[in-house]
Every structure is written in C-alpha cells, then in structure tokens.
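Working notes, structure below.
Just so it is clear: chains get the letters A, B, ... in the order the sequence lines come, proteins before strands, and each one is counted from 1.
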Number of protein chains: 2
Amino acid sequence: MKNSKPTIHDISKALNINSSTVSRALNNSPRVSKKTKDLILKKAKELGYQKNTLASNLRTNKTNTIGIIVPRISRNFFSSVISGIEERAYIAGYNVVIGQSFESFEREQKLVSTFLSNRVDGLLISISMETTDYDHLENFKNNGGPIVFYDRPVPLKNFASITINDFEASFVATQHLISKGCKNIVHFSGIQKIALYKNRKEGYIAALKKHNIPVNEDYIFEAKLSENDGVEFAKKILKLGNIDGIYASNDTSAIGAMQYLKANGIRIPEDISVVGFNNDPISAVIEPNLTTINQPDFEMGTIACSQLIDLIEKKDVNGQHQSKVLPTELIVRNS
Amino acid sequence: MKNSKPTIHDISKALNINSSTVSRALNNSPRVSKKTKDLILKKAKELGYQKNTLASNLRTNKTNTIGIIVPRISRNFFSSVISGIEERAYIAGYNVVIGQSFESFEREQKLVSTFLSNRVDGLLISISMETTDYDHLENFKNNGGPIVFYDRPVPLKNFASITINDFEASFVATQHLISKGCKNIVHFSGIQKIALYKNRKEGYIAALKKHNIPVNEDYIFEAKLSENDGVEFAKKILKLGNIDGIYASNDTSAIGAMQYLKANGIRIPEDISVVGFNNDPISAVIEPNLTTINQPDFEMGTIACSQLIDLIEKKDVNGQHQSKVLPTELIVRNS
DNA sequence: TTTAAAAATACAATCGATTGTATTTTTAAA
DNA sequence: TTTAAAAATACAATCGATTGTATTTTTAAA
C-alpha cells in the first residue's frame, strides 16, 4: 500500500522522537545527543530514508546547484571547460546542471528562466552567437544569483568574467605566419556580434599593420566557422590565387579548408601556411599537424567555478566582479 | 527592504483574490474566469512574478526533469546522444540534468543518489566501466522512477535499453578486413566488464571462425582504449611483425595506433588495414581516412528519451521494458 | 538534597505552490 | 420574481524539511 518514500516524519513516529530532532540528527547538529543520533541514523537506514532535496531546498532557499549554459557540449573546448567546472563543483559539494543553447538566443533565454525558477545558486555562461540583449542575465543577477561569464566576453559592467586575451593570441598567431614569410594572409572570422571574434580579427589586423602589410578587407571571411564554412573559404582562396597564409579563428574551419585545399593539390605549408585556434585534439591528427593556439580550457572551468562559488558564498564580495584573463600559448606544428 | 521574490501570495494580496485562484489562473485552469485570469496575469507580470518550481515540484511530486548519466561528455559519441536526448526532451517540455561519471563507479552511485533526492522523473544511463553492481539502479527504479539504458547493455531483466548489435557490427567490420585479404588481424578490445566490448570481441572471433582463420589470443589486446592505449598496442603489433589488419573497438585507439605505425614507416592500408568504431569526426580527417562503424548516436538519444518519457507518463507501460536495437553501418574509407 | 545552568528535546511556524471541498455568485429555467 | 444548476471563488490542508523558541531533562555546583 504505502509506496511513498519514507520521510523524517516516518522516522519520527517510529521512534517517538520529534521530527525537528530527527532533522537535526540527520544534519549532524550538535544539538542532538550522540545516543539519539545513532538511533535515528539506524532507523533511517532501516527505512531506506532518502532526503527530499526539493523540500529542503524550498525551506533553506538554497539548492547547492550551479547552472551552466554552454553553446554546445559537443565542441571539445566547451566539454573541457565543463569538466573543469564539474571538478571544482564536485569538491565544493555543488551539483551542476548543464544546458545547451545551441547558439540560439531564444533557447538561452528559456534556459536562464528555467534556472531561475529552479533556483540555481549561480550561473556560469558563455553566451550564444545570437545574444546581443542581456536583460535575461541582468534579471537573473537581480533575482537569482551571481553570474560568471566564461570564454565569450560581454559588454557588461559589474559582471565577473574569465576569458583569454583574444586580441593578443591572435596577434601572436598572425605574427607567426608573417615570420614564416607569408605576405597574403586571409583570416577566417566568426560572427562579429561575438566580441571574441571581433577581438581576434583586430589582433590579426594589428599584426599585419605592425609589419606594414596592407589590410585587405577581401581577405577577411566571416561565417559561423563550421567545417563546411572552412571548405567554402578554401574555394574563395583558390579563386583569389595568391594567398599564402590562413589564420582561422578556430581549428574546425581551418581543418575544413585544409582538407579541401589538399584535395585540390595545394601543399601545406609549402604553398599555404595555416594557423588555427583552440588546439582541438583533431589538430594534432590532421596532416600536416595544425599549428594552433592553446587555451587553458579545463583551467578556465575551474577558475570560473571558483569565482562563482566565492560570489555565492561570500555575501561581502557581492557586486565585486573578479575578472581574470588567462594566458594562451601558440603551439607550433607543421602547418 | 523586500528583496525576496514575489509569490502567488503577493499577487493574492494585491488583488484581494485567494491564492488558490491565483495558482489556478497561472496554470490556466478552466475553473477561473477569463476576467480574473487577465487581472492576475497582468499583476504577475507587473510584479515580475516567477514561479518557484521547487515549491511546485514538492507539492506535485513531479519535477519534469530527466537525469542523464554519461561516462564523459567529451566523447563525440556521447555528446551526440545527449543532443538527441535534449532535442526530444525539449519538445516534450522536460528539463535535462547531465552528470558525468568519468567512468567511476563511486561517482556514478553519487549521481544516482543525487538524482534520487532531487526527484528527477526518470533516468537515462550509460553505465561506467567500473560498474558491475546494480543495486543503486534497482533502488532508483524502486524509489525514483523508470530507467532506460543506452549504448552499454546491462545484464538486468525488466529494464528498457536502447543499444546496437555490437556482435553483428563487429562481425561485419572484421569480415571487411578479411575480404581485403587480411589474415592476421588483431583486435583492440575494451574492458571486458562492459558487455559491449565483450560482444564486439565475440563478433570479431565469430568472423574469424567463419572464415577458418585461427583465433589467436595474443592478437586480442585489452585496455581502456584511449589514444595512448592505441599507441601501446601499435608497439606490440610491430613486435609481432606479421600483422596485416587491425579491428579496433573505437576510433580513438585506432587513430593512436595509426599515428604510431605511420611514424614508424608502416603504410596504411598497404601493410596494415585498419577498421575503427564510432565514426568520430576525427576518423574522416586522419590520413588515410579511417574505415569505421557508424552508430545512430543522435537517434539513440531521441529514442531512449522517448521511451523514458513513455515510461514516466503512462503508468500502464510500467514494468514493461521496451528495448530496441538500432542498426549500424560500415563506412568504408581508405584505411 | 536543592537549585541554577547546560544540554537535549518538543512545539509550532514556515518555505511557496497545489488541490479537494465548501461557499458564494452568476446564470438561466420555471 | 423565485429557485435550482452551473460557474467562480474561497477555505484549509498538504507536500517534507528546517529553525527559532519553549519546555523538559540532565548535569554539576552549592
């Protein structure tokens, strides 16, 4: 008959001990004697008691849960960040809820709203490509809890963020191509609404300028940087004819282009040198191995999560936004 | 002063309408008149009301949330399955909580326990490599809700599972190598505790037997199938000397081996042919492109999720385990 | 042994929404 | 206009745990 799960009241009745004492015993409060605790713990085990976290969360107004919003978990970079976040959260005793925006603003809004009504304690987010309006995030901050941005920077004051210096990394990548003798370098850029891609583009431009190479707007391609976009870009490159260098804002598009170029008889790096971004595992497998920028992805996760937990737990840091810029590294390989 | 979020009681007071009516209005119950609904909805918006899902879930004993346990999200196969699950869950109005076991039994147990006390409505799980004891899952089923297994089969009765026919896929893969003229085929096998790897091994053995090729136990290597395991296997292969075929239970290890073999002057497929498993994106990038088995990963996710939702929503299907075996396909490339 | 302080336990309200039942209001038939 | 039925709304209990305060029990000092 009784197929509902046991509650503290079942323990309470079974032992004739008030439920408040049962609750305190289960939470190991010093207000309950060792003897009673043992009794209660034994009975709890016997009944197969499992705390109803919903009830507990409702009462304490704390869920010990962190929400993560990520564009897509299938990208290596993001899944590494998530692993870093989980690692840190696990140690601190937080649960983690992951939602994918699939680069859709609408879906991102829904996720934020769900996290809000599920009362997560804080939010880690890398915004979608479509996001230019931040009301949903301001709202979360005002009514939900702290937010820490990671990877993709956002033009908001009073928010913490963990990023890399995209401008500088890009500058280094482009300079590497120049040092290899490239004169006509194209750039694969992402959607400009994402500041990150804008910054990368500007790093590329700055490097060219520094070395007195004219900046040609026709050499800057813009797309979502899928593998197929890389293929399309490669077609353009063949049409241009004189290109000797590619600096791509991600490895995926770089690899798409390399595949197409190789299939069309272009030698890499003899004819065209390529530098990517992200250091995806695949970059070490493609031939020639792709020179790329390594980001501290896992570390980005642990640091972002640490910051968030600090914000959640220390009310005094409230409002203070501790942002960090992490170092990147050029991995020189054979492309 | 009042920094707490508005509740139905705030709306109730503001309009002098009982909170039960407010609740019904917000849930669009036919018991509330259009006029009152409009009034309440307007006020809710004005106050910035957001339902407290915790309270609602506690009362209704339903969270509209599905728990997913996955060994690691960073593997392409799993992130595709997750995307499939999310797709289906999103349509059906369920939220999804993802937890990574990182192949650890302990962590898996903790996740199940967390999901149980957070009262997810059901569970989708691919068990960890260490899992040989299923008490935590039996317990979840008895006290939590339905479970659907995906990818990795489990020796349990009365559980639904969505899998592929590993034996058969393996048989086909091995036969392909034999048809290419391979006589000395090694097999990269995973941890035997996972039935999936056992089945793949048996498929390999069956194919050899069918073609009267003696089965040599020394040709069966066992490990966790990381890229590095592939490298180690490749070293063994070089030591053996006469190997002309590799059938690997995943692409990752196949690629590790290929990289090492190529670096040591072995030509693929002229000297050694290779077949992998999973059709990871990387398999289409490595040179030569890797012949592999494609699994319907995304579809596995949607189907598993559909089954679970059916089990959650229709009490009559309760107990009935609808298992499915999905088709696989050999993708012949150049290795 | 008495008694004040400390320790342990019980009481009762509460978190915010939901829901079966009771009451009031409205509608429409007589 | 009266009245029964239907529609709309109010009342009150509840989900399961937590927590400030009150009460009881134990401890130890006088």
Segment of DNA chain D, first to last nucleotide, that comes within the 4.0 Å heavy-atom reach of chain B: D/dA8 to D/dG16
Does the cation-pi check pass for [X] over [Y], that is, NZ or CZ under 6.0 Å from the six-membered ring centre and within 45° of its axis?
| X | Y | value |
| --- | --- | --- |
| B/Arg107 | A/Tyr90 | yes |
| B/Arg88 | B/Tyr94 | no |
| A/Lys141 | A/Phe159 | yes |

Where along residues 43-54 of chain B does a heavy atom fall under 4.0 Å from DNA chain D? none
Within residues 26-38 of chain B, the residues having a heavy atom closer than 4.0 Å to DNA chain D are B/Pro30, B/Arg31, B/Val32, B/Ser33, B/Thr36
Who pairs with A/Phe140 by ring pair (Phe, Tyr, Trp, His ring centres under 6.0 Å), at least two apart in sequence or on another chain? none
Just to verify, what does B/Phe105 make a ring pair (Phe, Tyr, Trp, His ring centres under 6.0 Å) with, not counting sequence neighbours? B/His136
Can you tell me if B/Ser101 and B/Glu106 form a side-chain donor-acceptor pair at under 3.5 Å? no
Quiz question: by atom type and distance under 3.5 Å, do the side chains of A/Ser20 and A/Asn18 form a donor-acceptor pair? yes
Which residue lies toward the 5' end of DNA chain C, B/Asn18 or B/Ala55, if each is placed at its nearest nucleotide? B/Ala55
The correct list of stems in which DNA chain D takes part (3 or more consecutive Watson-Crick or G-U pairs, distances under 3.5 Å) is C:1-30 with D:1-30
Rounding to 0.5 Å, atoms OG1 (B/Thr65) and CD1 (B/Ile312) come to a distance of 9.5 Å
